[in-house]
Visitor: 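Let me begin by handing over the structure; questions about it come next.
Only this structure's heavy atoms are used, side chains among them; waters, hydrogens and symmetry mates stay out. In this text the structure is predicted, and so the values were computed from the model without any measurement.
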Amino acid sequence: MAAALQVLPRLARAPLHPFLWGGPVARLASSMALAEQAQQLFESAVGAVLPGPMLHRTLSLDPGGRQLKVRDRSFQLKQNLYLVGFGKAVLGMAAAAEELLGQHLVQGVISIPKGIRAAMERAGKREMLLKPHSRVQVFEGAEDNLPDRDALRAALAIRQLAEGLTADDLLLVLISGRGAPAAHRDDRYQCHGHPPLVPEALVMA
């Protein structure tokens with residue numbers, strides 16, 4: 001018994017036998033490490049283009065809440081800020097924008113693909129949804145990415161809001177996916193060129 005107790009500490013200090021790290025064990029450890037790295041890479045990539053973090057990297061309010069900063073430009077706020085948007089990620093973008101802008105946002109209209117809102121609700125993505133008393137009106141249309149009457153209604157509502165603004169107003173435009181080329185071409189929603197792959201935000205003054 002005493003001899004066994006003397007041998008145990010030596011075994012604990014001794015390196016594991018090489019055959020334990022060869023073959024299936026080594027391959028299993030390697031595949032697990034790669035899987036963890038792939039998961040971390042995926043989560044990092046998704047996090048970089050989530051609507052909330054993306055908006056907060058682009059938009060900010062000064063401490064006094066009197067100016068909106070969009071990247072390196074600043075705009076005076078005086079109950080003159082409106083919002084429009086279109087694309088798959090615009091629902092979450094609008095939710096993040098309204099959360100940031102608060103009472104500075106007067107009105108908004110966004111167009112999203114049919115089913116996006118229900119999908120966010122089923123997935124429990126509350127941060128991607130507008131609040132119950134939101135100032136942003138949501139139009140759902142273009143089922144299966146095909147133009148329809150609902151998509152046309154959304155486009156007309158966006159145009160009506162934009163055309164009603166004055167020279168003193170600000171318009172925050174949220175664009176996601178292939179909404180960018182479709183927004184400035186009257187060609188039955190056909191998309192050409194190279195649309196942005198991540199959400200974008202810009203202010204028209």
Side-chain angles (χ1 to χ4, degrees), residues 42-43 45-59 68 70-71 81-101 104-165 169-205:
F42 173 77
E43 292 176 355
V46 171
V49 295
L50 283 176
M54 188 282 299
L55 258 296
H56 284 281
R57 288 195 301 270
T58 306
L59 306 178
L68 171 66
V70 183
R71 295 191 176 94
L81 181 59
Y82 297 79
L83 178 154
V84 297
F86 33 87
K88 292 182 176 67
V90 159
L91 182 61
M93 294 169 70
E98 189 169 29
E99 183 75 21
L100 172 67
L101 300 171
H104 293 292
L105 182 63
V106 179
Q107 182 186 356
V109 178
I110 61 173
S111 174
I112 62 174
K114 189 169 292 184
I116 290 290
R117 183 161 42 183
M120 293 298 103
E121 291 173 349
R122 288 195 301 271
K125 299 289 186 180
R126 295 185 179 275
E127 72 279 6
M128 304 281 280
L129 298 170
L130 293 163
K131 298 294 189 292
H133 302 292
S134 171
R135 299 185 180 191
V136 179
Q137 186 178 10
V138 180
F139 287 85
E140 293 191 59
E143 190 171 9
D144 297 325
N145 286 327
L146 296 174
D148 55 22
R149 290 185 181 276
D150 291 330
L152 177 60
R153 285 177 54 245
L156 292 175
I158 289 174
R159 187 176 74 174
Q160 183 178 16
L161 187 152
E163 290 180 344
L165 302 182
D169 293 324
L170 300 174
L171 181 61
L172 176 63
V173 182
L174 306 176
I175 304 171
S176 165
R178 295 182 179 272
H184 57 75
R185 292 183 62 93
D186 184 15
D187 59 359
R188 300 290 296 172
Y189 300 91
Q190 295 300 311
C191 299
H192 304 283
H194 301 280
L197 299 179
V198 296
E200 292 187 342
L202 59 95
V203 168
M204 301 176 67

Visitor: Less than 4.5 Å apart, any side-chain heavy atom of R71 and any of T58?
Guide: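 Yes, their side chains come closer than 4.5 Å.
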Visitor: Rounded to the nearest 0.5 Å, what's the gap from CG on L83 to CG on L101? Could you check?
Guide: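 Interatomic distance, L83 CG to L101 CG, rounded to 0.5 Å: 7.5 Å.
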Visitor: Enumerate donor-acceptor pairs with a distance under 3.5 Å from any side-chain N or O in residues 152-161 to protein atoms, sequence neighbours excluded.
Guide:
unit_1	atom_1	unit_2	atom_2	d
R153	NH1	D150	OD1	3.4

Visitor: Could you check V84 against L174 for side-chain contact (heavy atoms from CB on, under 4.5 Å), going step by step and ending with a plain yes or no?
Guide: CA-CA 6 Å; V84 297; L174 306 176; over 6 Å; no
Visitor: Assess whether atom NZ of K88 is packed by more than 12 heavy atoms of other residues, nucleotides or ligands within 6.0 Å.
Guide: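 Atom NZ in K88 is not packed in, count stays at 12 or less.
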Visitor: Of the non-hydrogen atoms in A96 and L55, which two are nearest, and what is the gap between them?
Guide: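 Scanning both residues completely, I find the closest heavy atoms to be CB-CB, 4.2 Å.
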Visitor: Is L59 close to L172 at the side-chain level, that is, under 4.5 Å between some pair of heavy atoms?
Guide: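 With C-beta onward as the side chain, the pair touches.
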Visitor: State, with a plain yes or no, whether a side-chain heavy atom of L170 is found less than 4.5 Å away from one of Y82.
Guide: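 Not in contact.
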Visitor: Under a 3.5 Å distance rule, please check whether S176 uses its side chain to pair with a backbone N or O of G87 as donor and acceptor.
Guide: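 Between the backbone of G87 and the side chain of S176 there is no qualifying donor-acceptor contact (under 3.5 Å).
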Visitor: With a cut-off of 3.5 Å and sequence neighbours excluded, list every side-chain donor-acceptor pair involving residues 120-140.
Guide:
unit_1	atom_1	unit_2	atom_2	d
K131	NZ	E99	OE1	3.3
S134	OG	E98	OE1	2.6
S134	OG	E98	OE2	3.4
S134	OG	V136	N	2.9
R135	NH1	L105	O	2.8
R135	NH2	Q103	OE1	2.4
E140	OE1	G115	N	2.9
E140	OE2	R117	NE	3.1
E140	OE2	R117	NH2	3.1

Visitor: Run V90 and I175 through side-chain contact (heavy atoms from CB on, under 4.5 Å) and show every step you take.
Guide: CA-CA 7 Å; V90 159; I175 304 171; over 6 Å; no
